[in-house]
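Shown next, in structure tokens, is the structure this report addresses.
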Amino acid sequence: MSASWSVMSCMFFACCSLLAALAVGSPGISNLDLPVMSFDEGYTHLFGDDNLVLHGDGKSVHLSLDERTGSGFVSQDLYLHGSFSASIKLPADYTAGVVVAFYMSNGDIFEKSHDEIDFEFLGNIRGKDWRVQTNVYGNGSVGIGREERYNLWFDPSDDFHQYSILWTDSLIVFYVDNVPIREVKRTKAMGRDFPSKPMTLYATIWDGSSWATNGGKYRVNYKYAPYIVQFSDLVLHGCAVDPIEHSSACDAVLHLGSIPTAITREQKVQMENFRKRHMTYSYCYDRARYKIPPPECILNAKEAKHLRSFDPVTFGQGKRRFTKHRHHHASSTSM
């Protein structure tokens with residue numbers, strides 16, 4: 001973390017500059033235009049023993065949660081910016097307490113100053129829909145949860161739907177089926193809380209009984225196990241950084257111009273319409289947690305009125321932030 005880290009930092013910034021230069025002029029490109037890879041080309045088994053199963057010549061991955069353990073996989077490389085996505089089909093029926101996460105993190109490297117960009121899918125009791133939660137941490141800023149929650153306009157357990165993360169040095173955009181649902185811009189107000197260090201991509205399913213459904217009121221019922229989530233159309237398109245060789249693979253990445261640098265006007269309208277109809281919680285309006293909204297929040301009276309119509313979000317006593325149990329072979333019943 002001294003001289004060697006200084007060398008790696010220089011490579012990171014060089015890689016970042018290259019990405020920015022090559023990506024200019026290509027806003028709004030669909031992730032459908034980006035190359036799909038097989039599991040073995042870009043990922044490795046993280047935890048869960050035989051609860052990870054490959055299908056379709058390695059182009060599709062099934063993760064399952066049962067009484068023994070959850071499961072997960074992780075990208076082979078660290079990435080500094082890029083576009084990352086997967087088509088995901090969530091478990092059906094009673095899924096209370098089940099958490100499916102598709103996210104980027106470097107917590108195993110920077111334990112006290114980690115960055116994270118999260119898609120989390122929160123299960124529910126029978127007859128209630130899955131909820132989608134997004135969150136962003138930078139530089140270990142876990143004291144400020146930047147959660148937002150949404151309902152979807154479809155049943156995510158009926159079929160595959162694409163979930164994507166665009167990450168550049170100036171913004172983060174979350175997409176569902178190429179519709180942007182949240183944009184996080186790098187601002188002076190956020191300071192160092194904007195994710196800025198290389199991260200790996202994770203996909204996991206685990207027992208979040210302590211917090212995921214009504215603040216822990218409804219827990220995982222293993223009578224309905226195994227809970228199986230399916231992943232396909234895996235996209236890792238960005239600037240890969242080798243933490244051992246201290247070298248960048250940016251020069252080897254083709255078609256970097258296909259990585260968008262902003263959302264288009266049309267997408268902006270789509271995002272605003274989505275948020276009006278489907279957002280059910282935003283940390284910016286949570287006066288119980290924040291007497292004064294975090295400095296990056298731009299409050300909107302109509303949005304505030306809309307969110308007041310939903311029940312308050314209860315996060316429970318369980319820690320939803322980065323923890324080792326997402327990544328290791330811990331028994332799901334102990335989470």
Side-chain angles (χ1 to χ4, degrees), residues 81 84 99-107 110-122 131-152 163-176 179-202 204 208 211-212 215 262-263 268 271-272 274-276 278-300 303-304 306-308 310-323 326:
H81 308 141
F84 312 92
V99 178
V100 173
F102 180 70
Y103 66 106
M104 305 192 74
S105 178
N106 50 33
F110 307 100
E111 292 190 5
K112 296 183 179 180
S113 61
H114 86 277
D115 305 308
E116 193 166 323
I117 304 172
D118 293 343
F119 258 120
E120 290 179 309
F121 306 90
L122 312 179
R131 283 83 33 79
V132 178
Q133 179 165 287
T134 61
N135 202 358
V136 172
Y137 293 124
N139 199 43
S141 58
V142 295
I144 301 177
R146 293 183 169 88
E147 296 92 345
E148 288 189 353
R149 286 188 181 183
Y150 327 89
N151 295 321
L152 295 171
Y163 304 90
S164 311
I165 296 169
L166 169 66
W167 174 38
T168 76
D169 65 344
S170 60
L171 87 164
I172 296 163
V173 183
F174 296 88
Y175 299 84
V176 176
V179 174
I181 66 169
R182 182 181 183 182
E183 180 183 40
V184 180
K185 293 182 178 180
R186 185 174 197 159
T187 63
K188 289 183 178 180
M190 283 192 76
R192 298 175 63 193
D193 288 359
F194 188 90
S196 59
K197 298 184 292 296
M199 294 187 277
T200 44
L201 185 76
Y202 295 86
T204 59
W211 68 275
I263 61 175
K268 185 78 171 178
M271 182 173 69
E272 290 173 353
F274 172 87
R275 294 173 70 82
K276 288 177 183 177
H278 299 288
M279 187 165 71
T280 62
Y281 173 84
S282 170
Y283 73 102
C284 285
Y285 301 95
D286 192 337
R287 294 300 178 88
R289 298 173 74 193
Y290 308 113
K291 301 303 181 184
I292 300 175
E296 73 273 8
C297 290
I298 300 175
L299 303 183
N300 179 297
E303 197 167 71
H306 165 73
L307 293 177
R308 280 198 296 270
F310 295 94
D311 292 334
V313 169
T314 303
F315 289 96
Q317 299 303 311
K319 298 297 184 182
R320 194 208 47 75
R321 301 161 184 159
F322 178 92
T323 50
R326 281 192 186 177

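The figures that follow rest on heavy atoms only: side chains count, while hydrogens, waters and symmetry mates do not.
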Inset, instruction - Mind running side chain to side chain contact (heavy atoms under 4.5 Å, CB included) on Val142 and His114 for me, showing each step along the way? - result: CA-CA 9 Å; Val142 295; His114 86 277; 3.6 Å; yes
Inset, instruction - Determine, stepwise, if the pair Glu120 / Glu147 fulfils side chain to side chain contact (heavy atoms under 4.5 Å, CB included). - result: CA-CA 10 Å; Glu120 290 179 309; Glu147 296 92 345; over 6 Å; no
How far apart are the closest heavy atoms of [X] and [Y], and which atoms are they?
| X | Y | answer |
| --- | --- | --- |
| Phe121 | Val132 | CD2-CG2, 3.8 Å |
| Pro180 | Val173 | CB-CG1, 3.8 Å |
| Gly138 | Asp115 | CA-OD1, 3.3 Å |

Inset, instruction - Would you sort out whether Phe194 and Asp169 count as a side chain to side chain contact (heavy atoms under 4.5 Å, CB included), showing the intermediate values? - result: CA-CA 9 Å; Phe194 188 90; Asp169 65 344; 5.9 Å; no
Is there a donor-acceptor pair under 3.5 Å between the side chain of [X] and the backbone N or O of [Y]?
| X | Y | answer |
| --- | --- | --- |
| His306 | Met279 | yes |
| Arg275 | Ile181 | yes |
| Trp167 | Pro195 | yes |
| Asp286 | Ala288 | yes |
| Lys197 | Phe110 | no |
| Asn135 | Asp118 | no |

Inset, instruction - Go through the steps to decide whether Tyr175 and Ile263 satisfy the test side chain to side chain contact (heavy atoms under 4.5 Å, CB included), and finish with yes or no. - result: CA-CA 11 Å; Tyr175 299 84; Ile263 61 175; 3.9 Å; yes
If I take atom [atom1] from residue [X] and atom [atom2] from residue [Y], how far apart are they, to the nearest 0.5 angstrom?
| X | Y | atom1 | atom2 | result |
| --- | --- | --- | --- | --- |
| Arg182 | Ser282 | CZ | OG | 7.0 Å |
| Thr280 | Asp311 | OG1 | CG | 10.0 Å |
| His81 | Ser196 | NE2 | OG | 7.5 Å |
| Arg287 | Ile292 | CZ | CD1 | 9.5 Å |
| Ile117 | Ile172 | CD1 | CD1 | 4.0 Å |

Under 4.5 Å between any side-chain heavy atoms of [X] and [Y], yes or no?
| X | Y | answer |
| --- | --- | --- |
| Thr204 | Tyr103 | yes |
| Asp193 | Ile144 | yes |
| Val179 | Met271 | no |
| Arg131 | Tyr281 | no |

Inset, instruction - Among Arg146, Arg186, Lys185, find the residue that satisfies the salt bridge (charged side-chain N to carboxylate O under 4.0 Å, His left out) test when tested with Glu296. - result: Arg146
Inset, instruction - Step through the shown structure and confirm whether more than 12 heavy atoms of other residues, nucleotides or ligands are within 6.0 Å of CG on Leu299. - result: yes
Inset, instruction - Assess whether side chain to side chain donor-acceptor pair (under 3.5 Å) is satisfied between Tyr137 and Ser105, documenting all intermediate values. - result: CA-CA 9 Å; Tyr137 293 124; Ser105 178; over 6 Å; no
Inset, instruction - With side chain to side chain donor-acceptor pair (under 3.5 Å) as the test, would you mind laying out the steps for Tyr285 and Glu303 before giving the verdict? - result: CA-CA 9 Å; Tyr285 301 95; Glu303 197 167 71; 2.8 Å; yes
Inset, instruction - Could you tell me whether Phe119 and Phe174 have their ring centroids closer than 6.0 angstrom? - result: yes
